S.K.: 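Once you've had a glance at the structure underneath, I'll fire off some questions.
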Amino acid sequence: MSEAADSRLKLDFCGMHFNTPLVLLSGCVGFGEEYTRVAGFSNRDAGAICLKGTTGTARLGNPAHRVYETPGGMLNAIGLQNPGAETVVDEILPTLDFNETRFIANVSGSTVEEYIEVTRRFDDSPIDAIEINISCPNVKQGGVAFGNDPDMSARVVEACRKVTGKPLITKLSPNQTNIADSARRCLEAGSDAFSVINTLMGMAIDIESRRPVIGNNQGGLSGPAIKPVALLKVHQVYQVAKDHNVPIIGQGGISSAEDAIEFLIAGASAVGVGTALFYDPLICPKINSGIQDYLQRHQLDNVSQLTGSLQLNQNIATKCTC
């Protein structure tokens, strides 16, 4: 890659400098070291890395099976296995090379108080930004996921906003009625950016035992199967975010440069790579190269020129999608 080509991929995201528009997604790269053991892999190929979901205290996670391959994707129900915020901040963050890329903490919790506790701990750390995983179940509300209720989503964002000055990125769930309304509420509560989308809920069944394959009965579906849904959700959230210059990390089934470019055109400023890393750990340089080729062919100076450039079809006779 030439220096000129490299410069076309650089962008500013909430005041953070990204060398490329790629973000390695939470839960797919451990705590930033997982793929560094693979020959040829470099964290420098990503603009940022989202660390594994972290809670107030250590969690063992769900019973097996936790992961299951499905047509066009993957189901997972890890259950937020992690060593707890103190261990992550005190023992893991010091091992990361912050000269390679930006590192984003992923904050999870079962109560608003836990979100506050973990966010406050990461605020007092070298982490570059904080992603709020509001898809966690609220134990005080019968297990309803925070992210499926705009009121609860906004409460979590507002609470976290009060205890940190770092950029806050809200990870929005697609498992809700109106993602645009939720985005609007979270924006008003203090969110600096959005991750769109988190996994869709799904199930797989063993027909011989007549039991769910996943030990947790259901899990989050990721991979190419969810890409069309994710693209639409990014477009919908962008309609809310664009007037406030709030950037979006678009994610959901990206496994090629063409996929990434679609998300950028739909309204994303950066794009997340997750499930694809499981079968091609060296996919990031390929995506970066493909984006560079596209920018050159279309005579564009920077990847940010693609964001929100979608031109909708006009003269649609009806809004019916049936």
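It should be emphasised that the depicted structure is a prediction, and the values quoted were computed from it without experimental measurement.
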S.K.: Looking at CD1 of I291 and NZ of K286, how far apart are the two atoms once the value is rounded to the nearest 0.5 Å?
M.R.: 14.5 Å

S.K.: Measure the CD1-OG distance between I169 and S195 for me, rounded to the nearest 0.5 Å.
M.R.: 5.5 Å

S.K.: So, for A77 and N216, which heavy atoms are closest and what is the spacing to 0.1 Å?
M.R.: CB-CB, 3.8 Å

S.K.: Starting from the C-alpha separation in whole Å, work towards a yes-or-no answer on side-chain hydrogen bond (donor to acceptor under 3.5 Å, both in side chains) for S222 and T275.
M.R.: CA-CA 7 Å; S222 62; T275 302; 2.7 Å; yes

S.K.: Would you say D128 and K166 make side-chain contact, with heavy atoms under 4.5 Å?
M.R.: no

S.K.: For the ring pair Y115 and F146, is the centre-to-centre distance below 6.0 Å?
M.R.: yes

S.K.: Do L11 and P21 have side-chain heavy atoms sitting under 4.5 Å apart?
M.R.: yes

S.K.: Quick one: does L232's side chain get under 4.5 Å of Q236's, heavy atoms only?
M.R.: yes

S.K.: Tell me, yes or no, whether the heavy-atom count around Y68 atom OH, taken from other residues, nucleotides or ligands under 6.0 Å, exceeds 12.
M.R.: no

S.K.: Give a yes or no on whether Q296 atom CD has more than 12 heavy-atom contacts from other residues, nucleotides or ligands under 6.0 Å away.
M.R.: no

S.K.: Between atom CD1 of I248 and atom OG1 of T307, what is the distance when rounded to the nearest 0.5 Å?
M.R.: 9.0 Å

S.K.: Please tabulate, one pair per line, all N/O donor-acceptor pairs under 3.5 Å involving side-chain atoms of residues 253-264, not counting sequence neighbours.
M.R.:
unit_1	atom_1	unit_2	atom_2	d
S255	OG	D259	OD2	3.2
S256	OG	E258	N	3.4
S256	OG	E258	OE1	3.4
S256	OG	D259	N	3.1
S256	OG	D259	OD2	3.3
D259	OD1	K227	NZ	2.7
D259	OD2	S255	N	2.9
D259	OD2	S256	N	3.4
E262	OE2	K227	NZ	2.5

S.K.: Does some side-chain heavy atom of L282 sit less than 4.5 Å from a side-chain heavy atom of D280?
M.R.: yes

S.K.: Distance from K171 atom NZ to S153 atom OG, nearest 0.5 Å?
M.R.: 14.0 Å

S.K.: Do L168 and R161 come within less than 4.5 Å of each other through their side chains, counting heavy atoms only?
M.R.: yes

S.K.: K10 and H17: side-chain contact (heavy atoms from CB on, under 4.5 Å), yes or no, with the steps?
M.R.: CA-CA 7 Å; K10 295 180 179 180; H17 176 75; 3.8 Å; yes

S.K.: Under the criterion side-chain contact (heavy atoms from CB on, under 4.5 Å), which of L172, V237, L187, N148 is the partner of S182?
M.R.: L172

S.K.: Provide the closest heavy-atom pair for I197 versus K233 in the form atom of the first, atom of the second, distance.
M.R.: CG2-CB, 3.4 Å

S.K.: Can N106 and S108 be counted as having a side-chain donor-acceptor contact under 3.5 angstrom?
M.R.: yes

S.K.: Quick check: is I134 connected to L80 through a chain of hydrophobic side chains (ILVMFWY, heavy atoms under 4.5 Å apart)?
M.R.: no

S.K.: Group every Ile, Leu, Val, Met, Phe, Trp and Tyr by side-chain heavy-atom contacts under 4.5 Å, then state whether I214 and M203 land in the same group.
M.R.: no

S.K.: If you count every heavy atom of other residues, nucleotides or ligands that lies below 6.0 Å from E188 atom CD, does the total exceed 12?
M.R.: yes

S.K.: Please name the pair of heavy atoms, one in C28 and one in Y35, separated by the smallest distance, quoted to 0.1 Å.
M.R.: O-CE1, 3.0 Å

S.K.: Verify salt bridge (charged side-chain N to carboxylate O under 4.0 Å, His left out) between D90 and R121, making sure each step is shown before the conclusion.
M.R.: CA-CA 10 Å; D90 294 340; R121 190 65 188 88; 2.8 Å; yes

S.K.: Within this structure, what is the CG-CG distance for the pair N19 and L9, rounded to the nearest 0.5 Å?
M.R.: 9.0 Å

S.K.: Decide yes or no on side-chain contact (heavy atoms from CB on, under 4.5 Å) for H235 and L231, but give the supporting numbers first.
M.R.: CA-CA 6 Å; H235 168 67; L231 274 173; over 6 Å; no

S.K.: Closest approach of D45 and P285, non-hydrogen atoms and distance?
M.R.: OD2-CG, 3.3 Å

S.K.: Of all heavy-atom pairs between V196 and I179, which one has the smallest distance, and what is that distance?
M.R.: CG1-CD1, 4.2 Å

S.K.: Restricting to side-chain hydrogen bond (donor to acceptor under 3.5 Å, both in side chains), what partner residues turn up for E33, sequence neighbours left out?
M.R.: none

S.K.: Do the ring planes of F18 and F13 sit parallel (below 30°), tilted (30 to 60°) or perpendicular (above 60°)?
M.R.: parallel

S.K.: Which pairs count as ring pair (Phe, Tyr, Trp, His ring centres under 6.0 Å) when at least one residue sits in residues 272-304, sequence neighbours excluded?
M.R.: Y294-H298

S.K.: Using the test side-chain hydrogen bond (donor to acceptor under 3.5 Å, both in side chains), find all partners of H65 that sit at least two apart in sequence or belong to another chain.
M.R.: none

S.K.: Just list the side-chain donor-acceptor pairs under 3.5 Å for residues 48-61, sequence neighbours left out, or say none.
M.R.:
unit_1	atom_1	unit_2	atom_2	d
K52	NZ	Q81	O	2.7
T54	OG1	K52	O	3.0
T55	OG1	T57	O	2.8
T55	OG1	N82	OD1	3.4
T55	OG1	N82	ND2	2.9

S.K.: Could you measure the distance from the CG atom of N175 to the OG1 atom of T199? Nearest 0.5 Å is fine.
M.R.: 7.0 Å

S.K.: Under a 3.5 Å threshold, yes or no: a donor from one side chain and an acceptor from the other, between N198 and N133?
M.R.: yes

S.K.: Count I, L, V, M, F, W, Y as connected when their side-chain heavy atoms are under 4.5 Å apart, and connections chain through other members. Are V213 and L75 then in the same cluster?
M.R.: yes

S.K.: Just checking L312: does its CG atom have more than 12 heavy atoms from other residues, nucleotides or ligands closer to it than 6.0 angstrom?
M.R.: yes

S.K.: Tell me whether Q176 contacts the main-chain N or O of S173 through its side chain, where contact means a donor paired with an acceptor under 3.5 Å.
M.R.: yes

S.K.: Please check if I92 and I78 belong to a single hydrophobic cluster, counting links between Ile, Leu, Val, Met, Phe, Trp and Tyr side chain heavy atoms closer than 4.5 Å.
M.R.: yes

S.K.: Using 4.0 Å as the upper bound for N to carboxylate O, is an ion pair formed by R185 and D149?
M.R.: no

S.K.: Which pairs with one or both residues in residues 240-254 pass side chain to side chain donor-acceptor pair (under 3.5 Å), sequence neighbours excluded?
M.R.: Q239-K242

S.K.: Going through the distances and angles, do V23 and V271 end up as a side-chain contact (heavy atoms from CB on, under 4.5 Å)?
M.R.: CA-CA 6 Å; V23 177; V271 291; over 6 Å; no

S.K.: Compare all side-chain heavy atoms of L22 with those of N288 and state whether any distance is below 4.5 angstrom.
M.R.: yes

S.K.: Determine, using the 4.5 Å side-chain heavy-atom cutoff (strictly less than), whether I205 and M201 are members of one ILVMFWY cluster.
M.R.: no

S.K.: Where do A193 and C14 come nearest, in terms of heavy atoms and distance?
M.R.: CB-SG, 3.6 Å

S.K.: Hey, are the side chains of L24 and L277 touching, using non-hydrogen atoms and a 4.5 Å cut-off?
M.R.: yes

S.K.: Go through it in stages, so that I can follow the logic: the residues are R102 and M16, the test is side-chain contact (heavy atoms from CB on, under 4.5 Å), and I'd like the CA-CA distance, side-chain angles, deciding distance and then a yes or no.
M.R.: CA-CA 8 Å; R102 306 278 59 80; M16 296 179 285; 4.1 Å; yes

S.K.: Do D181 and R184 sit within salt-bridge range, that is, some charged N less than 4.0 Å from a carboxylate O?
M.R.: yes

S.K.: Is there side-chain contact between F122 and T164, with heavy atoms separated by less than 4.5 Å?
M.R.: no

